[in-house]
Amino acid sequence: MTGFIGREAQLEQVRALLSTARLVTLTGVGGVGKTRLALRSAAQLAASYADGVHLADLAALTAPDLLDRAVAEALGLRDQSARPPAEAIVDGLRDRQLLLLLDNCEHVADAVATLVLRMLRAAPGLTVLATSRHRLGVPGEHILTVPCLTLPDPDALCDPQQPSERSESVRLLVQRAAASAPAFTITARNRAAVAQLCRRLDGIPLAIELAAVRLGTMTAEEMLERLDDRFRVLRSTGMPGTETRYQHTLRGVIDWSYTLCTPQERLLWVRLSVFSGGFDLSAAEAVCAGEGVERDEILDLLAALVHKSLVAVDSTGPRARYGMLETIRQYGLERLGELTRHTGLRIRHSAHYRAMTLRAGAEWFGPQEVDWLLRLREELPNLRTALDFCAAHPDHVGTAVAIAVDLARTRCWFFSSVLGEGRYWLERLLASPLALPPDLMVSALAMKVWIALCQGDNPAAEVFLAECRAQAAGPEGPPLAPLTFIEGAHALLVDGTSESTSRLAAAREQFLRDGRRGDAHMATMMWAMAEAFLGDPVSARAASREYTAEAEASGAQWARTWARWCAGLVELRHGDPAASLTPLHDALARQSSFGDSWGPVWGVETLAWAVAETDRHTDAARLLGAAHRLRQDTGVALTGLRPFHDAHVAAVHRVRTALTPQEYTQAWGYGASENSVLLALRTGSNPHTEPRPGAGRAPHPRRNEDPRPA
């Protein structure tokens, strides 16, 4: 958002280190510009890595045990399996050549060190560039301490022939001042004061940026005088002995910025620090208003903090999103800890995001469905913070369980490729005895079963299902719809029996009686899928028509794509396979258009079955390879999902029978090495696709499937 000043020497040092070292850590005081230097270096070096650069910003992590999932997400490894995320990371990195930028590591340094060492040992093509206030301590780590910006030569203060603007610190001050104080210029009168100000700020970029904002309301001379007074006060009260001169300077500038804010601005700054990963206006109003700050004052106070460079704003999306530099946020958190009522702020934060997930759960099967999915994905850092706080406070665990259940209900965990995280939270929250409302407990247990089923982890699903049945059999007699649904899903996905259709139809009716329209529609989807796999042509078509009509009437975009997929599945199994290609292709294209990570896993696989049935065996082999690649990326295991596994085995047998082993291996390898979704979209719309010249390179061997003949 702002220009990059200087750092030519450091950019060259980073480039030289990364040419020989596989782990480089940029260290230095907060606010010195480690992140900016790392980002600029990565941008310049991106072309040197076949698989590009991936950024994982760890600032918002609330606990070390979430690190692996954050890194997997940054790497685009959409693993939905039950295996530990670190295993998915290692498996996904083995044959890739990329630069991984790990930003803001200091608060989870031990966990980062463990993961980095494991990744580097397993993936020879991986290079890591980290930023941290201190070294990670990993063998082979190369340290580059990021210095402050260059300062004007003291001689330049007296010699007008040596312009102080040549120094990086003065250039930064002038550039940032241009935005907040357009009338500011360096003159013969203020030249010495500007140079002395930059020297007084030790060339720390963040300190200079905060000072530059004030040049619109006071002169450089006035600022220098006030800053000297501030530092004298700090010295007289004593600073912690472990702080360096630069930490002293930065702390002094932030303290000064804090005191120059109005009481209401200071209060809002401190309260805003409770947010992770940004926030919007409605969140700030809901969480931060009250006790000295009125709700209708929040917008003006936010604008004031933006003008003071204490809060950043991004207005490119449908709603303005605000954020704070991590150093500024950490300062606010320190001040927040001094307040006697800070726990109340955390409770309001959790309550706001509970209200958001409650509304999303109520509205997800409707016209705003995809908007909700995208919004929840954006708010995951705040949702994690709320979950973590509630999990640590017994009186609020029920709030966390409700949040986790609604995120599963809306399929946020699926859509955002963090299915394993959904299971993690449910298992963590339900690990100890809880006095929860019976219907919430049964829903939470059922969602835990549902996630395990979708991961293909049948042993865990059996254990979780027994827990759910035991809870439902309790004396309170909770609503049985979630249990009926999950028993029907289990009968379909694990047992592959026709009993699933009756149970899922019953669950649908129970959900409707309870007024849970979205849950009822998910039961409708699974019922229609069960009919497609296990029913006869008449019942399958009838279920598909009912499912499609329900989805179309809702206006829910994601639900409509699944209805199209189900219509294609019914046509494939009970009608004309060639006619199934259009709805399957349509569903895949729509899901891809709004960034769905879950639907294409099944869309590409089903399209492979359909193409195989139309005797386009080479295309089918390519699609089977592409589908395998998607399953590897997401961690889906077909072996635990009986109807899908059986259909997959039948398609593979049909294609292998028609092609020679060499033809199959070459086509499968081509599909596995391409962009899976784009390949499927081309193949689904063009019956005569041919590989590009030189294609057919088999990818690095992956688990679960071998293209060679059995």
Side-chain angles (χ1 to χ4, degrees), residues 30-31 59 176 180-181 201 204 206-218 222-223 225-240 243 247-313 320-349 352 382 385:
R176 299 300 191 263
S180 56
L201 296 174
I204 301 173
L206 178 57
I208 291 172
E209 293 197 22
L210 292 175
V213 174
R214 292 292 169 183
L215 289 173
T217 55
M218 64 179 70
E222 290 174 319
M223 187 182 303
E225 179 182 348
R226 290 170 181 259
L227 197 60
D228 282 338
D229 289 341
R230 159 61 56 177
F231 285 1
R232 277 194 293 271
V233 170
L234 286 172
R235 278 197 298 272
S236 67
T237 58
M239 297 292 291
E243 289 198 339
Q247 291 169 318
H248 173 103
T249 300
L250 182 61
R251 176 72 185 208
V253 172
I254 299 178
D255 272 334
W256 182 56
S257 297
Y258 183 79
T259 59
L260 290 177
C261 290
T262 67
Q264 286 183 308
E265 290 169 358
R266 292 198 294 267
L267 193 55
L268 183 59
W269 174 354
V270 169
R271 292 177 180 177
L272 290 175
S273 66
V274 76
F275 292 103
S276 300
F279 55 92
D280 57 23
L281 177 61
S282 64
E285 291 173 337
V287 176
C288 301
E291 300 179 58
V293 177
E294 297 300 322
R295 188 183 186 95
D296 58 6
E297 296 176 314
I298 296 288
L299 180 58
D300 289 339
L301 292 173
L302 262 179
L305 292 177
V306 170
H307 293 154
K308 292 177 172 66
S309 291
L310 297 168
V311 171
V313 60
R321 192 156 186 86
Y322 301 87
M324 307 173 79
L325 283 176
E326 188 60 17
T327 303
I328 300 297
R329 178 174 172 268
Q330 288 297 327
Y331 180 91
L333 284 174
E334 289 180 22
R335 290 281 186 173
L336 180 63
E338 299 169 3
L339 300 181
T340 57
R341 299 183 180 180
H342 65 273
T343 301
L345 186 70
R346 295 283 186 185
I347 294 173
R348 291 204 300 274
H349 177 273
H352 172 73
N382 279 309
T385 296

For this session: Decide, yes or no, whether a salt bridge links R251 with E334 under the criterion of side-chain N to carboxylate O below 4.0 Å.
Result: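 Counted as a salt bridge, because a side-chain N and a carboxylate O are separated by less than 4.0 Å.
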Rounded to the nearest 0.5 Å, how far does [atom2] of [Y] lie from [atom1] of [X]?
{"X": "E297", "Y": "C288", "atom1": "CD", "atom2": "SG", "result": "13.0 Å"}
{"X": "M223", "Y": "L215", "atom1": "CE", "atom2": "CG", "result": "4.0 Å"}
{"X": "E265", "Y": "T262", "atom1": "CD", "atom2": "OG1", "result": "3.5 Å"}
{"X": "L333", "Y": "H342", "atom1": "CG", "atom2": "NE2", "result": "10.5 Å"}
{"X": "L305", "Y": "C261", "atom1": "CG", "atom2": "SG", "result": "6.0 Å"}
{"X": "L345", "Y": "E291", "atom1": "CG", "atom2": "CD", "result": "9.0 Å"}

Nearest heavy-atom pair of [X] and [Y]: which atoms, and what distance?
{"X": "L310", "Y": "I328", "result": "O-CG2, 3.7 Å"}
{"X": "L302", "Y": "L268", "result": "N-CD2, 3.8 Å"}
{"X": "D280", "Y": "R321", "result": "N-NH1, 4.1 Å"}
{"X": "A207", "Y": "L201", "result": "O-CD1, 3.9 Å"}
{"X": "G31", "Y": "I204", "result": "O-CG2, 3.5 Å"}
{"X": "N382", "Y": "H349", "result": "OD1-NE2, 3.2 Å"}

Quick one: are [X] and [Y] in side-chain contact, heavy atoms under 4.5 Å?
{"X": "V293", "Y": "R271", "result": "yes"}
{"X": "M218", "Y": "R226", "result": "yes"}
{"X": "L260", "Y": "R214", "result": "yes"}
{"X": "Y331", "Y": "V270", "result": "no"}
{"X": "V287", "Y": "F275", "result": "yes"}

Problem set entry | Distance-only side-chain donor-acceptor flag, S276 / R329, under 3.5 Å |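 Yes, R329 and S276 have a side-chain donor paired with an acceptor closer than 3.5 Å.
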Exercise. Do E326 and Q330 have side-chain N/O donor and acceptor atoms under 3.5 Å apart?
Worked result: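 Side-chain D/A pair, E326 to Q330: present.
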Exercise. Is there a donor-acceptor pair under 3.5 Å between the side chain of H307 and the backbone N or O of A303?
Worked result: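 Yes; judged by distance alone, with no hydrogens or angles, the pair exists.
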For this session: Measure the acute angle between the ring planes of Y258 and W269, then classify it against the limits of 30° and 60° as parallel, tilted or perpendicular.
Result: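 The arrangement is perpendicular - the two ring planes meet at more than 60°.
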For this session: Please lay out, stage by stage, how E209 and K308 fare under the test salt bridge (charged side-chain N to carboxylate O under 4.0 Å, His left out).
Result: CA-CA 9 Å; E209 293 197 22; K308 292 177 172 66; over 6 Å; no
Exercise. Do other residues, nucleotides or ligands put more than 12 heavy atoms under 6.0 Å from the CD atom of E222?
Worked result: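 Atom CD in E222 is crowded, with more than 12 foreign heavy atoms closer than 6.0 Å.
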